[in-house]
Structures are given as structure tokens and as C-alpha cells.
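Keep in mind that the numbers below use all heavy atoms, side chains included, and drop hydrogens, waters and symmetry copies.
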Amino acid sequence: KEAFYNCFQLQSVTIGINVQQINEQAFYGCLNLKCVEGGQSVTRISKAAFYNCSNLKSFSMGSAVEYIGWSAFEKCTSLTDVTIPDSVTKIDYYAFMDCSSITNLSIGKSVENIGDFAFWGCAALTYVVIPDNVLNIGRSAFSNCLKLSEIYIGKGVRGIDQYAFANCPNVEKISVN
């Protein structure tokens with residue numbers, strides 16, 4: 001927990017093959033962290049692991065990750081491309097909140113739950129596909145995605161919570177199966 005908390009000068013991290021979990025607030029506030037590589041055995045990215053790593057541009061999420069924790073990447077304002085692997089089943093609350101530069105988002109086909117405020121404020125996001133396995137889209141999950149114009153909601157979705165897509169003024173097309 002908090003292993004490299006506020007290490008302001010840290011710029012890159014290579015995660016070894018034996019690491020299975022990135023603990024709570026492990027890299028919290030590492031403002032100059034730009035790149036995280038490796039992590040092929042990581043199964044869990046815990047609460048606020050990369051919170052406010054505002055210069056993080058590249059993060060390779062291994063195919064073993066099953067859980068993305070509460071605020072794991074919140075305020076990582078330089079992330080542009082996020083690929084959530086098929087191994088992930090839950091994206092917790094606030095996971096990518098205020099990641100204002102995400103333009104490309106790919107949600108893995110095993111995700112069952114998108115937590116409250118998970119992608120709130122991803123202002124550059126233009127298109128989202130909610131896979132068929134997702135059962136619930138949490139409260140305000142995609143609120144304030146100001147450039148969001150297209151939404152595809154898969155056939156497995158049973159619940160779309162309050163304000164899930166609120167304040168997305170550019171939505172032109174919604175497809176629900």
C-alpha cells in the first residue's frame with residue numbers, strides 16, 4: 001500500500017512477471033509517470049493505484065487482470081487509449097473518472113459491471129460500445145463525456161442507472177439490443 005506514493009520524479013515503471021497485484025495507492029500522485037509496461041501476471045489493480053498520475057500516457061494492461069479498482073486511474077488526464085482486456089469482470093466506481101483525454105476505449109467482453117462514475121468526465125471520448133456481457137451500467141458512469149456522439153448498448157444490459165449518460169450534449173446515435 002502506498003509504495004511509491006507521490007514520487008513526483010518517477011517517469012516509467014516496468015512490472016515484473018511475478019507481480020500479481022498493484023496495491024492501493026501504489027503510484028498515487030506520481031505526476032511525472034508517463035509509461036507503465038509489463039504486468040502480464042497482474043490480476044488486480046487496486047483502489048487509487050494510479051490516481052492523479054496526470055502525465056501517464058501509456059499503460060499496458062495484461063490479459064490476466066480481472067478487476068480494476070475504485071479510482072484506479074482517476075485523473076490520469078493524459079491517457080488517450082484504454083483497452084480493457086477480456087479477462088476483466090468488474091470496472092469499479094470512479095475507475096477512469098476525469099481521464100479527459102481518452103479518445104479510444106475498448107471494454108473487454110467479460111466485463112459484467114461498470115461502476116458508478118467509472119468514465120465520468122472522459123470529455124474526449126466520442127464512441128462507446130458496451131459489450132453483451134455487461135449487466136449493469138452504474139450511476140453517472142458516462143456522464144460529462146462531452147464529445148460522446150455514439151453509444152452501442154449490448155443485449156445483456158439489464159440496468160442503466162440514473163444519469164448514466166447525463167450531460168453528453170453531442171450524442172446523436174444510440175443503439176440498444
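Every residue meeting the side-chain hydrogen bond (donor to acceptor under 3.5 Å, both in side chains) condition with Asn177, not counting sequence neighbours, appears here in chain and number order: Tyr152. A search for side chain to side chain contact (heavy atoms under 4.5 Å, CB included) contacts involving Ser78 returns Asn55, Lys57, not counting sequence neighbours. Partners of Ile17 under the side chain to side chain contact (heavy atoms under 4.5 Å, CB included) rule, at least two apart in sequence or in another chain, are Gln40, Ser41. By the side-chain hydrogen bond (donor to acceptor under 3.5 Å, both in side chains) test, Asn6 is found to be paired with no residue, residues two or more places apart in sequence or in another chain being considered. Judged as a side-chain hydrogen bond (donor to acceptor under 3.5 Å, both in side chains), and not counting sequence neighbours, Asn170 has no contacts. With sequence neighbours excluded, the residues that form a side chain to side chain contact (heavy atoms under 4.5 Å, CB included) with Tyr163 are Arg139, Ser140, Ser143, Ala166. Residues passing the side-chain hydrogen bond (donor to acceptor under 3.5 Å, both in side chains) test with Asn167 are Asn144, sequence neighbours excluded. When the side chain to side chain contact (heavy atoms under 4.5 Å, CB included) test is applied to Ser106, the partners found at least two apart in sequence or on another chain are Thr83.
Across all non-hydrogen atoms, the minimal contact from Lys75 to Cys99 is N-SG, 4.3 Å. Contact between Asn113 and Asn136 at its shortest, heavy atoms only, is OD1-O, 3.4 Å. The nearest pair of heavy atoms linking Gly138 to Asp116 is CA-OD1, 3.3 Å. A pairwise comparison of heavy atoms in Ile45 and Ala72 identifies CG2-CB, 4.0 Å as the closest pair.
Test Phe119, Phe27, Phe50 against Phe73 for ring-ring contact (aromatic ring centres under 6.0 Å, His included) and you get one pass: Phe50.
Side-chain heavy atoms closer than 4.5 Å link hydrophobic residues (I, L, V, M, F, W, Y) into clusters, and following such links, even through other members, never connects Leu31 to Val36. Put simply, Ile130 and Leu135 are part of two different groups of oily side chains (I, L, V, M, F, W, Y) that touch within less than 4.5 Å, one to the next. With hydrophobic clusters built from ILVMFWY side chains whose heavy atoms lie under 4.5 angstrom apart, Val129 does not share a cluster with Val134.
In the displayed structure, Tyr127 atom OH is contacted under 6.0 Å by more than 12 heavy atoms of other residues, nucleotides or ligands.
Annotation: side chain of Val111 is in contact with side chain of Ile84 (closest heavy-atom distance under 4.5 Å). Residues Ile91 and Ile107 have side chains in contact (heavy-atom distance under 4.5 Å, counting atoms from C-beta outward). No side-chain heavy atom of Ile102 sits under 4.5 Å from any side-chain heavy atom of Asp81. Between Val82 and Asn104, every side-chain heavy-atom pair lies at or beyond the 4.5 Å cut-off. Val157 places a side-chain heavy atom less than 4.5 Å from the side chain of Ile137. Thr126 has its side chain out of reach of Leu148: every pair of non-hydrogen atoms, C-beta onward, lies at least 4.5 Å apart. Side-chain contact between Tyr67 and Asp92: present, with at least one pair of heavy atoms (C-beta onward) separated by less than 4.5 Å. Side-chain contact between Ser175 and Lys173 is present, with heavy atoms from C-beta onward closer than 4.5 Å.
The side chain to side chain donor-acceptor pair (under 3.5 Å) pairs that include a residue from residues 14-23 are Gln21-Asn23, Gln21-Ser46, where partners are two or more places apart or lie in different chains.
Ser87 places a side-chain N or O within donor-acceptor distance of the main-chain N or O of Ser63, the cut-off being under 3.5 Å. Ser54 places no side-chain N or O within 3.5 Å of a backbone atom of Cys76 that could act as its donor or acceptor partner. A donor-acceptor pair under 3.5 Å is formed between the side chain of Asp132 and the backbone N or O of Lys155. Panel note: side chain Arg158, backbone Gly156; a donor-acceptor pair is recorded below 3.5 Å.
As a member of the Ile/Leu/Val/Met/Phe/Trp/Tyr network built from side-chain separations under 4.5 Å, Tyr5 groups with Tyr28, Tyr51. Listed by chain and number, the hydrophobic cluster partners of Tyr94 are Trp70, Tyr93, Met97, Phe117, Trp120, where partners are ILVMFWY side chains within reach of under 4.5 Å, directly or through others.
Interatomic distance, Lys47 NZ to Gln25 CD, rounded to the nearest 0.5 Å: 7.0 Å. Summarising the geometry, atom CD1 belonging to Ile22 is positioned 11.5 Å from atom CZ belonging to Arg44; distances are rounded to the nearest 0.5 Å. Between Ser71 atom OG and Asp98 atom CG the span is 10.0 Å, to the nearest 0.5 Å. Atom SG in Cys168 sits 9.0 Å away from atom CD1 in Ile174 (nearest 0.5 Å). In this structure, CD1 in Ile160 is found 10.0 Å from CD1 in Ile114, a value given to the nearest 0.5 Å. Taken from OG1 in Thr77 to CG in Leu79, the straight-line distance is 8.5 Å, to the nearest 0.5 Å.
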TODO: Would you sort out whether Phe142 and Leu105 count as a side chain to side chain contact (heavy atoms under 4.5 Å, CB included), showing the intermediate values?
DONE: CA-CA 12 Å; Phe142 292 91; Leu105 172 64; 4.1 Å; yes
